[in-house]
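Contents: one structure, followed by commentary.
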Amino acid sequence: QMVDQIFSYSELGFHEYETSKYLTGILEKSGFKVDRGVAGMPTAWVATWGSGKPVIAFMTDIDCIPRASQKPGVAYHDPIIDGAPGHGEGHNSGMAVNVTAALVLKDLMKKHGLSGTLKIFPGVAEELVGAKAFFIRAGLFKDVDITLGSHVDNSFETSWGQGERNSGLVSVQYFFHGKAAHSAGAPWSGRSALDAVELMNTAWNFRREHLRTQQRSHYVIVNGGDQPNVVPSEASVWYYFRELDYPRIKELYEIGNKLSQAAAMMTDTTVTQRVVGSAWPNHYNKIVAEVQQKNIETVGMPEWSEADQTLARALQKEIGAKVDGLKSKVGNLEPPRPSQGGGSDDIGDVSWNCPTVYLRFPSNIPNLPGHSWANAVSMATPIAHKGATAGAKVQAMTALDFILNPDLVRQAWDYFNNVQTKEIKYQPLINPTDQPAIDLNKEKMENFAPQLRKFYFDSSKHKTYLEQLGISYPTIRNN
């Protein structure tokens, strides 16, 4: 039910109001104490149950992405609401994993009189890498012994060290301020903020040739002015600067700042900026990963039905990907390979403050592009339900291992202190004055929320979201 309910909410980062209300309601009814509005974010919260050591934290993300609305179980593009947000990143499934695991653990701990504290954190605005650095700054993880993160995948695996396709980043918006004028009548009286944005982008694209191949950098123009006959007095651009470690991320950031100032000088405009979010490169704990891997192997992959495989193969064919259906074997725990750069996740900040792992549980379909409508197809179907159930078992078993064996906690911290952080110490990429960018996505959600409400899952009337939407599972092209 949690998988389907959160899928139906489809809320963008910093606006996960229905999702948070739903989850905290479940947790409070189950005896957890909930602190809301933490770290300056209205949709952020911490749910706590128990007392004493160890303190086990569960973390997973809850936001979705723009323009990913999609009917579940349909193996071709068919949005529920055209242009609306949707869970094309699969974040609707993670809380089903973590909350289920925590509730099972709570009952076991009560029954057997086990000491320990359980905490559940939501990954607010993860797609904006906008929250977890602020969680750290607010001290929310200062007493945590082990953090068990979870994220949807098409595989069932865990890892340790820094991933081969992982980068850290800093997310920065640059605001250029010029002078308005009539674009034809008196353009000489104006100073174009848009010209400054374009010059900064041009400068950055020339600079790319002289940056390391491991870097990743991208931008979107957020504001390019209002209409062509008015010289834009305001314009802004949003950059992600990604690299493999803190010093190099800071170096990219400083280059960006320099180029923004140069663009302002060339156009006789001014520029201000704000850090929207940040993420340290992930580093997962070897000891915790080894414990988790044993539990993954014990639980094993879900048993996929022919309907599950039919949906997977049909979707793979639809998008022109390799057609091989769903995976049948769990992944192995491999030593980390040298990182070449790639995506980012702000759980990296958590991983540099306490021993952390990230369980990858199999609720999605292989060979998909990621962050798209295609990745939403399976996310309110039996594939997602089975994968989340398997993930919940592993999370509960792993947490129980650390509750029952304090020496494992000691070993995890020994790796954290004497291997991971022996030479590298965490420094925040956000500035002391930076605040969470809770204004982001406001207009989009105000636009789509009334339409989305019409499609919220009603579990009192329907067993599944597929049933509520009247979708035959699986629905594939008849060709």
Side-chain angles (χ1 to χ4, degrees), residues 12-14 39 41 59 61 63 65-66 89 91 123-137 149 151 159 161-175 200-201 204-205 207-208 210-222 236-260 273-284 336 338-353 356 358 370-371 420 424-438 440-441:
L12 295 169
F14 292 120
M41 288 168 267
M59 171 158 268
D61 305 319
D63 59 327
I65 58 174
E89 74 309 306
H91 287 173
V124 170
E126 187 278 330
E127 293 300 342
L128 302 171
V129 287
K132 297 184 185 80
F134 295 101
F135 283 10
I136 296 298
R137 188 171 75 182
H151 197 286
S159 61
Q162 182 174 349
E164 182 181 11
R165 306 293 296 173
N166 173 247
S167 299
L169 71 75
V170 62
S171 167
V172 190
Q173 290 183 336
Y174 295 94
F175 301 91
M200 179 182 179
N201 294 344
W204 185 264
N205 289 329
R207 186 62 183 263
R208 287 181 197 274
H210 311 289
L211 300 175
R212 290 177 4 121
T213 57
Q214 294 92 334
Q215 72 87 27
R216 302 286 188 275
S217 51
H218 6 266
Y219 58 81
V220 293
I221 297 175
V222 180
S236 59
V237 62
W238 186 0
Y239 271 80
Y240 277 13
F241 300 115
R242 304 187 200 244
E243 251 287 4
L244 301 187
D245 54 43
Y246 176 87
R248 291 187 174 103
I249 297 167
K250 289 287 286 186
E251 181 182 7
L252 287 184
Y253 178 27
E254 289 163 4
I255 293 171
N257 292 344
K258 185 184 296 184
L259 296 184
S260 73
Q273 59 155 278
R274 71 168 175 174
V275 174
V276 175
S278 68
W280 263 63
N282 305 334
H283 190 113
Y284 299 131
S339 182
Q340 301 302 312
S344 308
D345 191 313
D346 53 359
I347 198 166
D349 290 74
V350 178
S351 75
W352 285 94
N353 282 271
T356 301
Y358 221 21
H371 285 192
Q420 178 182 344
I424 302 173
K425 305 299 181 185
Y426 177 79
Q427 302 174 68
L429 284 160
I430 57 173
N431 301 307
T433 56
D434 290 327
Q435 298 299 320
I438 60 175
L440 294 178
N441 292 323

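When all heavy atoms are compared, the tightest approach of Gln273 to Tyr253 is OE1-OH, 2.6 Å. Scanning both residues, Gly341 and Ser167, for their nearest heavy atoms gives CA-OG, 3.2 Å. Heavy atoms only, all atoms of each residue included: Leu169 and Tyr240 are closest at CD2-CD2, 3.9 Å. The minimum heavy-atom distance between Pro436 and Met41, with the atom names listed, is CB-CG, 3.6 Å.
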Please list every donor-acceptor pair under 3.5 Å in which a side-chain atom of residues 427-434 meets a protein atom from a residue at least two apart or in another chain.
| residue | atom | partner | partner atom | Å |
| --- | --- | --- | --- | --- |
| Asn431 | ND2 | Asp434 | OD2 | 3.1 |
| Asp434 | OD2 | Asn431 | N | 2.6 |

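Proximity of Pro66 to Leu12: side-chain heavy atoms (C-beta onward) are separated by under 4.5 Å at one or more points. A 4.5 Å side-chain heavy-atom check between Trp352 and His283 finds at least one atom pair inside the cut-off. Between Val350 and Ile136 the shortest side-chain heavy-atom distance falls below 4.5 Å. Using a 4.5 Å cut-off on side-chain heavy atoms (C-beta onward), Ser260 and Met200 make contact.
Formation of a donor-acceptor pair under 3.5 Å by the Asp63 side chain with backbone atoms of Glu126 is found in this model. With hydrogens and angles ignored, the 3.5 Å screen pairs no side-chain donor or acceptor of Ser351 with any backbone N or O of Thr356. Remark: side-chain polar atoms of Asp349 are paired, donor with acceptor, to backbone N or O of Trp280 under 3.5 angstrom. No donor-acceptor pair under 3.5 Å is formed between the side chain of Gln214 and the backbone N or O of Ser339.
Using a cutoff of 4.0 Å between basic side-chain nitrogens and carboxylate oxygens, Lys132 and Asp61 are scored as salt-bridged.
The list of side chain to side chain donor-acceptor pair (under 3.5 Å) pairs with a residue in residues 241-250, not counting sequence neighbours, reads Arg212-Glu243, His218-Arg242, Arg242-Ser344, Asp245-Arg248.
Of the inter-residue distances, the one linking Ile438 atom CD1 with Leu128 atom CG reads 12.5 Å to the nearest 0.5 angstrom. Note: Phe241 CZ to Leu211 CG = 10.0 Å, rounded to the nearest 0.5 Å. Expressed to the nearest 0.5 Å, how far OG of Ser171 lies from OH of Tyr219 amounts to 15.5 Å. Interatomic distance, Asp346 CG to Glu127 CD, rounded to the nearest 0.5 Å: 9.5 Å. Atom CG of Leu440 is separated from atom CD of Gln173 by 5.5 Å, given to the nearest 0.5 angstrom. For the atom pair OG of Ser236 and CZ of Arg274, the computed distance is 9.0 Å after rounding to the nearest 0.5 Å.
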Requested in this report: Might you work through the side chain to side chain contact (heavy atoms under 4.5 Å, CB included) test for Asn441 and Phe14, ending with a clear yes or no?
Outcome: CA-CA 7 Å; Asn441 292 323; Phe14 292 120; 5.5 Å; no
Query - Verdict with supporting geometry, Tyr174 and Leu259, side chain to side chain contact (heavy atoms under 4.5 Å, CB included) - result: CA-CA 11 Å; Tyr174 295 94; Leu259 296 184; over 6 Å; no
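For the ring-ring contact (aromatic ring centres under 6.0 Å, His included) test, residues two or more places apart in sequence or in another chain that qualify with His151 are His91, Tyr358. Taking the salt bridge (Lys or Arg N to Asp or Glu O under 4.0 Å) definition, one finds that Arg165 meets it with nothing, sequence neighbours left out. Not counting sequence neighbours, the partners of Ser217 by the side-chain hydrogen bond (donor to acceptor under 3.5 Å, both in side chains) test are Trp204, Arg208, Gln215. Contacts of Asn201 classified as side-chain hydrogen bond (donor to acceptor under 3.5 Å, both in side chains), with partners at least two apart in sequence or in another chain: Tyr239.
Atom CZ of Arg207 has 12 or fewer neighbouring heavy atoms from other residues, nucleotides or ligands inside a 6.0 Å radius.
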